[in-house]
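To keep things clear, I will list the structure first and then write my remarks on it.
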2 protein chains.
Amino acid sequence: MEAERGVPGLSRVAGLLADPTRARFCLALLDGRAWTAGELARQAGVAASTTTEHLNALVAGGLLEQVRQGRHRYVRLASPEVAELVERLAALAPGPEPVPRSLRARTRQHRLAHARTCYDHLAGRLGVAVTEAMIGRGILADSQGLHLTPTGSAWVESVGLTVARGTRRPAVRPCLDWTERRFHLAGTLGAAFCSHALTAGWITRTATPRAVEVTPPGLEAFGELLGITAGDLRGAGAETVPGTPV
Amino acid sequence: MEAERGVPGLSRVAGLLADPTRARFCLALLDGRAWTAGELARQAGVAASTTTEHLNALVAGGLLEQVRQGRHRYVRLASPEVAELVERLAALAPGPEPVPRSLRARTRQHRLAHARTCYDHLAGRLGVAVTEAMIGRGILADSQGLHLTPTGSAWVESVGLTVARGTRRPAVRPCLDWTERRFHLAGTLGAAFCSHALTAGWITRTATPRAVEVTPPGLEAFGELLGITAGDLRGAGAETVPGTPV
DNA sequence: TCGACACTTCGGCCGGCGCCGAAGCGCCGG
DNA sequence: CCGGCGCTTCGGCGCCGGCCGAAGTGTCGA
């Protein structure tokens with residue numbers, strides 16, 4: 001028959017993400033940064049040799065890009081398209097995520113839930129708050145899919161965001177990652193806002209991978225530009241784990 | 001570590017599409033219709049028992065929905081999101097597609113290249129022609145991702161398309177499937193146009209799965225609404241297979 | 001120049017999974 | 001009521017692929 005065009009390609013790409021260890025690598029790389037092979041090996045708990053084989057496969061399959069620097073091998077996701085694919089696959093899976101047991105793990109999870117990056121844009125409660133503030137202020141509208149309003153275009157210009165142009169990648173895209181169960185802003189605008197927030201010092205990276213922290217000037221900027229208060233970022237209560245005086 | 005939230009889900013879903021037989025099923029189901037287990041088994045060239053096992057896995061994994069009717073088991077893709085995922089995965093794979101050898105296969109491929117459906121919207125040269133005509137007439141614009149213009153909104157209304165509202169699914173989305181190497185229109189607008197074209201009798205389904213044919217009134221309508229001529233649908237030459245007097 | 005370190009290659013082990021055929025079950029048509 | 005047909009269950013086979021450890025290669029720092 002004839003629908004079999006594309007079968008090898010589909011199954012090959014899916015096969016790359018089908019292995020838990022490779023999936024873990026890709027999820028880790030969703031922070032948008034380049035990791036060394038050794039870091040990934042430790043993070044996944046497998047031998048260095050195993051890591052090499054997996055990375056070879058992912059690079060050959062076009063999901064990862066690599067840069068060799070001295071005795072290190074850096075890898076990162078090959079493109080925003082790949083990042084989006086990984087997100088979508090993970091989001092499709094129904095997942096009652098288990099609550100981690102150790103205290104270290106819980107505080108880490110707490111930070112990530114608060115504010116983090118998702119490849120090249122903001123996620124966590126900060127990402128959700130920013131997105132909803134944009135909708136509330138008429139910068140975005142979500143009838144028939146999320147989109148930028150004329151008001152929004154003016155706002156983007158007034159803030160001084162430099163949004164990538166001439167690309168097929170949509171300026172505005174709702175992203176539902178696998179931890180939050182609410183949408184936040186991705187696309188070139190999401191990337192531009194995140195990048196601007198980092199360079200302007202509104203947020204800074206912390207020791208925890210993917211986690212970010214809102215700085216005092218950042219809080220002020222978010223309030224002025226989007227009407228976001230510290231309370232909006234604290235979340236809807238129920239977030240402090242019961243029985244743990246953190 | 002902590003990026004492992006979502007790892008089981010990601011690898012499980014990817015694993016479902018990693019098997020060539022299951023991938024073939026999903027690609028076949030991209031026509032948006034429900035197939036019986038037996039049809040899929042014949043199409044993929046595997047035993048009925050094998051098919052049962054695969055379908056169980058795909059249904060349990062949430063990729064497929066099933067309806068039991070008498071002694072038949074009908075399955076279809078669970079949602080447009082799943083269809084989009086399958087498309088994206090297949091499109092990501094670099095694929096020099098082989099030219100089929102038999103005459104039957106070639107004529108079938110020819111029909112599919114001409115005009116077909118892709119889940120719930122138009123693809124093939126017809127899909128590309130419609131999309132490019134929409135861009136040419138200012139109905140769509142593709143700066144910063146494809147989107148509907150004000151002119152386009154008026155056009156949609158004048159044609160009488162009923163576009164689904166209140167959904168997160170974008171009205172306009174570029175779709176790059178694994179046969180064409182050019183974009184065509186998906187999203188709720190793409191679905192609405194395809195559905196309208198079918199009910200209005202502009203196009204009809206043929207014996208070949210997924211293939212559609214433009215009717216004489218359809219050709220007239222496309223010309224009037226979008227300025228599409230019969231020549232636009234014939235393709236850019238080079239489509240008749242060399243050495244075969246079809 | 002000489003270790004230490006990051007990564008790679010290779011061989012071998014082992015578990016999982018896709019496949020089939022045979023037998024069974026339930027629905028439909030005659 | 002009976003035969004045919006579509007689907008399902010089960011047991012068993014064979015292969016593919018992920019994993020490791022040991023040995024090898026190249027790079028950096030002292």
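Chain identifiers are assigned alphabetically (A, B, ...) following the order of the sequence lines, protein sequences preceding nucleic acid strands; residue numbering begins at 1 within each chain. All values below were derived from every heavy atom in this structure, side-chain atoms included, with hydrogens, water molecules and symmetry-related copies excluded.
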Does a side-chain N or O from A:R24 land closer than 4.0 Å to OP1 or OP2 of D:dG18, or not?
no

Near-strand residues of residues 69-76 of chain A, defined as heavy-atom separation under 4.0 angstrom from DNA chain C
A:R71, A:H72, A:R73

Side chain to side chain contact (heavy atoms under 4.5 Å, CB included) involving B:A47 - partner list, sequence neighbours excluded:
B:S49, B:T50

Taking salt bridge (Lys or Arg N to Asp or Glu O under 4.0 Å) as the cut-off, I'd like each qualifying pair that reaches into residues 51-67 of chain B, sequence neighbours left out, listed once.
B:E65-B:R76

Once base and sugar-phosphate atoms are separated, protein heavy atoms under 4.0 Å mark nucleotides 16-21 of chain C, 5' to 3', with B, S and - as --SBBB

Between B:C194 and B:D120 the two heavy atoms that sit nearest each other are CB-O, 3.6 Å

Grab the CG-C1' distance between B:L55 and D:dC7 for me, whole Å please.
10 Å

Nearest-Å distance for atom pair CG/P, residues A:L58 and D:dG17:
14 Å

Please collect all salt bridge (Lys or Arg N to Asp or Glu O under 4.0 Å) contacts where either partner lies in residues 183-194 of chain B, sequence neighbours excluded, each pair once.
none

Enter the inter-axis angle for the ends of the helix from C:dT1-D:dA30 to C:dG30-D:dC1 (five pairs per end, rounded to 10°).
30°

How would you list, by chain and number, every residue that makes a side chain to side chain contact (heavy atoms under 4.5 Å, CB included) with A:A18, sequence neighbours excluded?
B:A14, B:A18

How many whole angstroms separate atom CD of B:E39 from atom C1' of D:dC7?
14 Å

Applying ring-ring contact (aromatic ring centres under 6.0 Å, His included), which residue pairs with at least one partner in residues 7-59 of chain A are found, sequence neighbours left out?
none

Name all pairs fulfilling the side chain to side chain donor-acceptor pair (under 3.5 Å) condition that reach into residues 186-201 of chain B, sequence neighbours left out, sorted by first residue then second.
none

Contacts of B:A41 that satisfy side chain to side chain contact (heavy atoms under 4.5 Å, CB included) - sequence neighbours left out:
B:T51

Taken in chain and number order and not counting sequence neighbours, the residues that satisfy side chain to side chain contact (heavy atoms under 4.5 Å, CB included) with B:Q66 are B:V59, B:R68, B:R73, B:V75

According to salt bridge (charged side-chain N to carboxylate O under 4.0 Å, His left out), who are the partners of A:R205, at least two apart in sequence or on a separate chain?
none

Whole angstroms only, please: what is the CG-C1' distance between A:L17 and D:dG17?
16 Å

